[in-house]
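Right, one structure below, let's go through it.
Lettering of chains follows the sequences in order, A, B, ..., and the numbering in each one begins at 1. All heavy atoms count here, side chains included; hydrogens, waters and symmetry mates do not.
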There are 2 protein chains.
Amino acid sequence: MDKQLIPNVSVDSVVFGFDSVHLNVLLIGRNILYKKTVQRDWKLPGDLIRWDEDLDTASKRILKELTGLQNIYMNQLKAFGSLDRLIRRPQDMSWLISIDHPERRVITIPYYSLINLSKNGQINLDLTTNAHWVHVDDVSHLPLAFDHQEILVFALETLRNELRTKPLAFELLPSKFPLSQLQKIYEVIFEVSLDKRNFRKKISNLNYIVALNEKEAGVSHRPAKLFMFSKDIYHRLKTENFDFTI
Amino acid sequence: MDKQLIPNVSVDSVVFGFDSVHLNVLLIGRNILYKKTVQRDWKLPGDLIRWDEDLDTASKRILKELTGLQNIYMNQLKAFGSLDRLIRRPQDMSWLISIDHPERRVITIPYYSLINLSKNGQINLDLTTNAHWVHVDDVSHLPLAFDHQEILVFALETLRNELRTKPLAFELLPSKFPLSQLQKIYEVIFEVSLDKRNFRKKISNLNYIVALNEKEAGVSHRPAKLFMFSKDIYHRLKTENFDFTI
DNA sequence: CCAAAAGTGTTAGGAGTACACCCATGA
DNA sequence: TCATGGGTGTACTCCTAACACTTTTGG
């Protein structure tokens, strides 16, 4: 056991990636030996944190070590620390023994991150660590380690909540995007379908979504106008508005 | 150091209490000896957690031990674990030494709670522990231990966010309340003033806020009709609605 | 010329906002 | 009878929701 690590506090990352069609989550494949057969299962990227690093720093470091991802949007979720979280599944117990994990109790502090996966800005996934993008809809059928299924569900709920009131959709898009992509994000994440005209009317009232003098290229249909999100304008405008819903 | 305690993970509670005029927060007064004078400062109720209890359990236990409060609404916030959070103020360092606190690093998991403080349902504060209700507006002038000021600010922000979309106001009210009290909560917490007629119109559309055949008693003005919040009706209704704001 | 997605306007209903006076009670 | 907060309606504006056809490009 590395002396630099706090033995009972970890971070985990729920990295959401949007590929212009699906919302995906980044999982690490494991092959664990259990009852003399090799079983495949999945976990969230994560690890113990060090004595000499802040939580955010730890989360960034571990994500980079395990996946190569850097400089992406990141937000802390609530901690998960139930007594039995590491030992709910017998496979997990035998895995912990196999890696010589000494601790009876680990409290984990999950983060969620957002990233765009479209063809241009190729993602620099470090494949030696077995990281894979999985459609979020498929995850519920997969065996996930520990309480990672629960963490993922919580992360998705939080993403939905934050997406309602914060300009997070743009973290899932390339810097220049057509409006149909923006709409798709809301449709996929909230599992609804939205009216194109009403959506665009709504967007056109938001001055921080700026039309560019550029169009998509290389598509076999009428090319869409590209837009960008202006953080500056957004912050200048969002010092007004009161509104509540009980 | 108690062997039953995890040495580097604590919980803290931000307990908000509404007294029909102000939003208050529960703080514990400390007298610390620093540079040969006794100084008064304040901290959030909190302590290290035990190896054999879940986070929520720990939070409930510690809140009860320190204040006598039980069975109140409680919600976990994000963890605070920066490297210097215990040693930003020299007073805190000398206090930690005085209580023989061994740990260089403690990550705390804060919770916020909501409670009603009106005269009827007298609160059972255990005064031996020096717990006091302080108006939230006054807290920024008080010396708070560690990063507790920061935790409090985050808790208040979170309370505001959740109050926009969840029926939390009722946790701050007695079970039967006049509409003016409900309005006051939004006005105090969001620091706005709302139009009485418009507020009441909005409320009358919410079927889960139910008018009772009862009136206030003992007030020296026209007595107000009392209302209650129906959790049942609320949950039956809130399985609809899509709406987002970027 | 076909397939595919982009782009565009109108109408009707509901929600939000601004605003001023009378009512019921206890002291 | 006075002081105090309770209680009520209307008109205007703005946002939302429903709905179908034409345009531009590549193949």
I'd like to know whether NZ of A/Lys225 has more than 12 heavy-atom contacts from other residues, nucleotides or ligands below 6.0 angstrom.
no
For the base of C/dT17, is there a side-chain donor-acceptor partner from B/Lys202 under 3.5 Å away?
no
Candidates [options] - which lies nearest the side chain of [X]:
X	options	value
A/Lys225	C/dG7, C/dT10, C/dA6	C/dG7
B/Ala224	D/dG7, C/dA6, D/dC19	D/dG7
A/Ser180	C/dA24, C/dA6, D/dT25	C/dA6
A/Lys201	C/dT8, C/dT25, D/dA18	D/dA18
B/Ser220	C/dG26, D/dT10, D/dG27	C/dG26

Between [atom2] of [N] and [atom1] of [X], the distance in whole Å:
X	N	atom1	atom2	value
A/Ile203	D/dC15	CD1	P	14 Å
B/Gln181	D/dG6	CD	C1'	13 Å
A/His221	C/dA5	NE2	C1'	5 Å
A/Phe227	C/dG7	CZ	C1'	10 Å
B/Arg200	C/dT17	CZ	P	18 Å
A/Leu226	C/dA6	CG	C1'	12 Å
B/Phe199	C/dA15	CZ	P	17 Å
A/Gln183	C/dT8	CD	C1'	14 Å

DNA chain C: 5'-proximal contact among B/Pro223 and A/Leu179 (nearest heavy atom):
A/Leu179
Heavy-atom nearest nucleotide on DNA chain D taken for A/Asn198 and for A/Gly218; more 5' hit belongs to A/Asn198
Backbone N/O of B/Leu156 and side chain of B/Tyr112: donor-acceptor pair under 3.5 Å:
no
Any pair with a residue in residues 139-156 of chain B that passes side chain to side chain donor-acceptor pair (under 3.5 Å), sequence neighbours left out, goes on the list, sorted by first then second residue, please.
B/Arg85-B/Asp147, B/Arg88-B/Glu150
Which part of the nucleic acid, if any, lies within reach of B/Asp195 when heavy atoms closer than 4.0 Å are counted: base, sugar-phosphate only, or nothing?
base
Just the atom pairs and distances: protein N or O near nucleotides 20-22 of chain C's N or O, under 3.5 Å.
{"from": "C/dA20", "atom 1": "N1", "to": "B/Arg197", "atom 2": "NH1", "distance (Å)": "3.3"}

Measure centre to centre between the rings of A/His22 and A/Trp133, then say whether the value is under 6.0 Å.
no
Would the A/Phe177 and A/Phe170 ring centres measure less than 6.0 Å apart?
yes
Going by distance alone, is a donor N or O of one side chain under 3.5 Å from an acceptor N or O of the other, for A/Asp232 and A/Ser230?
no
Is the shortest side-chain heavy-atom distance between A/Ser20 and A/Gln181 below 4.5 Å?
yes
